[in-house]
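Right, one structure below, let's go through it.
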Amino acid sequence: MSQHPFLSRQALSLRPDPTRVIVRPFKPATEPRDLNPTDKTRANHIVDRVLSLDADAAASQLADVLENFEGRHRNLLRTFEARAEEMEAALADHAAFTQVQRQLIGAYFLNEYSFEASALFNPSIVAHPDQSGAPEGSLRFILSLRAVGEGHVSSLTFRSGLIAADGTVSVDSTARLASSPEILISASGRDDDVEVVFKLDEHISERVIFPITESQSNGIEDARFVEFREGDRRTYYATYTAYSGRAIRSELIETSDFVSFRLSVLNGNAARNKGMALFPRKIEGKYAMIARQDNENLYLIYSDDLRTWDGGQAILKPQFPWEFVQIGNCGSPIELDEGWLLLTHGVGPVRKYSIGAALLDKNDPSKVIGRLREPLLRPDPSEREGYVPNVVYTCGAMRHNDKIIFPYAVSDTFSNFATIEIAALMKAMAG
């Protein structure tokens, strides 16, 4: 079937780049079958081998490491020293390391990780908190993306760009280096409630939020960012799926500047599934979410405190053939004069994913006042191939002037952009 005339794809693809790397802890395993009970762990064997080097050999080895890796990362020596300090709890008693020994030992317990080697997909978009320098009628934005590397581990990365007055999208050049943040335990003291802080002088495309807690150990997936306003206060929230390798749950990111982020757990029976999306403001004094609790339908859920989500009312169910398997949301509802625009995804025959749209009543979002019978966007022939074929998907769009700016993922591999004429979309949903 042909594409809706009010949707325009842009010739702008964001593809994974395997040259972008960060350093991650290397944790050598212990093979008990190869060890006597009195043997040391492999980590101590590595340290002993480093300590067996004389001063000149150790310095030469460290210089070789720096020659190979320094241009690929920021502050490598500081990173090596921090990693050596982290390893102390696993090491046997030892004499004080020299600075060279400490740095070299730290290097042995790190490895490079190409965090977006496999995929860069499931984007969401929000207005940049800093609009200085944006031309009249245009808007700077921040794009969040799910990056996937070795072992199918997902992390969160960012891009910035500009939407011109006519809706044309451009993305800023990506920084050559990538960086991990400083990790702080939140004031709550909970192990799964953390804060991460990046350096102000790092470009936003350098910033990578990698799994930190046990619940996230196999992935931070599908962040749905939204600019939330309450009075004069503006906060950016994102719900995302934390995946441990065994279980999933919904968690929340909070930031005001995309430099410092708080990651915390969402509680309640509605947070046990994936795909929650927060409304951009309170409704009747309550926080509101669109979520899928039963793997088929979309629910409207309210909360008094933003952290606890229970119950809910089913408001959208699979209705058309292209969504008979299940439906889900594609990001936070967008407030228009006509109501709340909710982008949805539907799964059809051969698990083909398409994107649809519904319109919810502005005062009572449980009322569906419009819905597209045919998909807004479905994979075209050039978008069918990838890690997961036949999938288009987004984690959030935004309004700019008379258009919806609509980043979307292609077959769980790369990302693209489209724009939607709002007036024509409203007419199609009313028809």
Side-chain angles (χ1 to χ4, degrees), residues 3-14 123-145 157-175 198 200-207 223-238 254-261 278-281 330-343 357 359 362 376-377 394-408 415-429:
Q3 170 182 299
H4 286 288
F6 51 79
L7 183 141
S8 300
R9 285 172 166 87
Q10 302 212 356
L12 178 61
S13 295
L14 299 178
S124 70
I125 188 171
V126 291
H128 200 298
D130 180 8
Q131 293 295 321
S132 59
E136 185 176 354
S138 64
L139 185 75
R140 297 182 67 211
F141 67 83
I142 289 177
L143 191 75
S144 72
L145 298 127
T157 187
F158 303 95
R159 300 289 188 273
S160 58
L162 184 77
I163 307 167
D166 65 357
T168 302
V169 178
S170 59
V171 177
D172 298 333
S173 298
T174 305
F198 293 90
L200 281 170
D201 62 350
E202 295 170 349
H203 190 268
I204 191 164
S205 65
E206 292 186 53
R207 301 169 194 168
R224 288 160 159 81
F225 272 91
V226 64
E227 180 182 337
F228 188 91
R229 292 192 178 258
E230 190 169 9
D232 294 333
R233 185 181 176 216
R234 177 180 61 191
T235 306
Y236 297 92
Y237 292 110
E254 175 182 348
T255 184
S256 60
D257 55 11
F258 288 86
V259 176
S260 174
F261 300 81
L278 183 68
F279 280 72
R281 63 171 173 83
C330 273
S332 294
I334 301 168
E335 188 167 10
L336 307 176
D337 293 340
E338 296 84 353
W340 294 103
L341 174 63
L342 177 66
L343 299 181
L359 191 65
K362 188 177 289 192
L376 179 66
L377 183 77
T394 184
C395 286
M398 66 178 293
R399 178 179 189 169
H400 179 59
N401 297 332
D402 60 352
K403 293 181 175 63
I404 299 296
I405 309 302
F406 180 28
Y408 67 96
S415 297
N416 202 353
F417 286 84
T419 58
I420 305 165
E421 300 288 342
I422 294 174
L425 174 60
M426 294 297 103
K427 184 177 180 180
M429 283 198 287

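Bear in mind that the values here come from a model prediction, so they are computed numbers and not experimental data.
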Practice problem: For the pair Q10 (side chain) and V169 (backbone), establish whether a donor and an acceptor sit closer than 3.5 Å, ignoring hydrogens and angles. | Solution: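 Confirmed, Q10 side chain pairs with V169 backbone.
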Exercise. Please check if the side chain of W340 supplies one atom and the backbone of I334 the other of a donor-acceptor pair under 3.5 Å.
Key: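 Looks like no, no N/O pair under 3.5 Å.
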Are any of the side-chain heavy atoms of [X] and [Y] separated by less than 4.5 Å?
X	Y	answer
Y408	R9	yes
P135	L162	yes
I142	F225	no
S170	F417	no

How many angstroms lie between atom [atom1] of [X] and atom [atom2] of [Y], to the nearest 0.5 angstrom?
X	Y	atom1	atom2	value
L376	L343	CG	CG	6.5 Å
I125	S144	CD1	OG	9.5 Å
L341	I404	CG	CD1	5.5 Å
Y236	H128	OH	NE2	8.0 Å
L143	L14	CG	CG	6.5 Å
R234	E227	CZ	CD	5.0 Å

Considering all heavy atoms of both residues, which atom of [X] and which atom of [Y] are nearest to each other, and what is their separation?
X	Y	result
R159	T174	NE-OG1, 3.2 Å
A223	S124	O-OG, 3.3 Å
R229	R281	O-CB, 3.8 Å
L359	G339	CD1-C, 3.9 Å
A397	P407	CA-CD, 4.2 Å
L145	S415	CD2-OG, 3.5 Å

Quiz item: After noting the C-alpha distance and the side-chain angles of I405 and F141, does the key distance pass the side chain to side chain contact (heavy atoms under 4.5 Å, CB included) rule?
Solution: CA-CA 10 Å; I405 309 302; F141 67 83; over 6 Å; no
Quiz item: With S205, which of H203, R207, E202 fulfils side chain to side chain donor-acceptor pair (under 3.5 Å)?
Solution: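 Of the listed residues H203, R207, E202, the side chain to side chain donor-acceptor pair (under 3.5 Å) partner of S205 is H203.
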Quiz item: Would M398 and I163 count as a side chain to side chain contact (heavy atoms under 4.5 Å, CB included) if you check the C-alpha gap in whole Å, the side-chain angles of each, and the deciding distance to 0.1 Å?
Solution: CA-CA 11 Å; M398 66 178 293; I163 307 167; 4.3 Å; yes
Practice problem: Output, in order, the C-alpha distance, side-chain angles, deciding distance and verdict of side chain to side chain contact (heavy atoms under 4.5 Å, CB included) for E230 and T235. | Solution: CA-CA 8 Å; E230 190 169 9; T235 306; over 6 Å; no
Quiz item: Given the rule in the side chain to side chain donor-acceptor pair (under 3.5 Å) test, do S160 and R140 qualify, once you have shown the distances and angles that lead to the verdict?
Solution: CA-CA 7 Å; S160 58; R140 297 182 67 211; 5.3 Å; no
Quiz item: Partners of E206 by salt bridge (charged side-chain N to carboxylate O under 4.0 Å, His left out), sequence neighbours excluded?
Solution: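 So E206 forms a salt bridge (charged side-chain N to carboxylate O under 4.0 Å, His left out) with R74.
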Exercise. List the steps, then state whether side chain to side chain contact (heavy atoms under 4.5 Å, CB included) holds for L278 with R224.
Key: CA-CA 8 Å; L278 183 68; R224 288 160 159 81; over 6 Å; no
Exercise. Show the numbers, then the answer: is there a ring-ring contact (aromatic ring centres under 6.0 Å, His included) between F261 and F158?
Key: CA-CA 13 Å; F261 300 81; F158 303 95; 5.6 Å; yes
Practice problem: Apply salt bridge (charged side-chain N to carboxylate O under 4.0 Å, His left out) to the pair R233 and E254, showing each step before the final yes or no. | Solution: CA-CA 13 Å; R233 185 181 176 216; E254 175 182 348; 3.6 Å; yes
Quiz item: Does anything in residues 162-175 pair up under salt bridge (Lys or Arg N to Asp or Glu O under 4.0 Å), and if so which pairs, sequence neighbours excluded?
Solution: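 Qualifying pairs, neighbours excluded: none.
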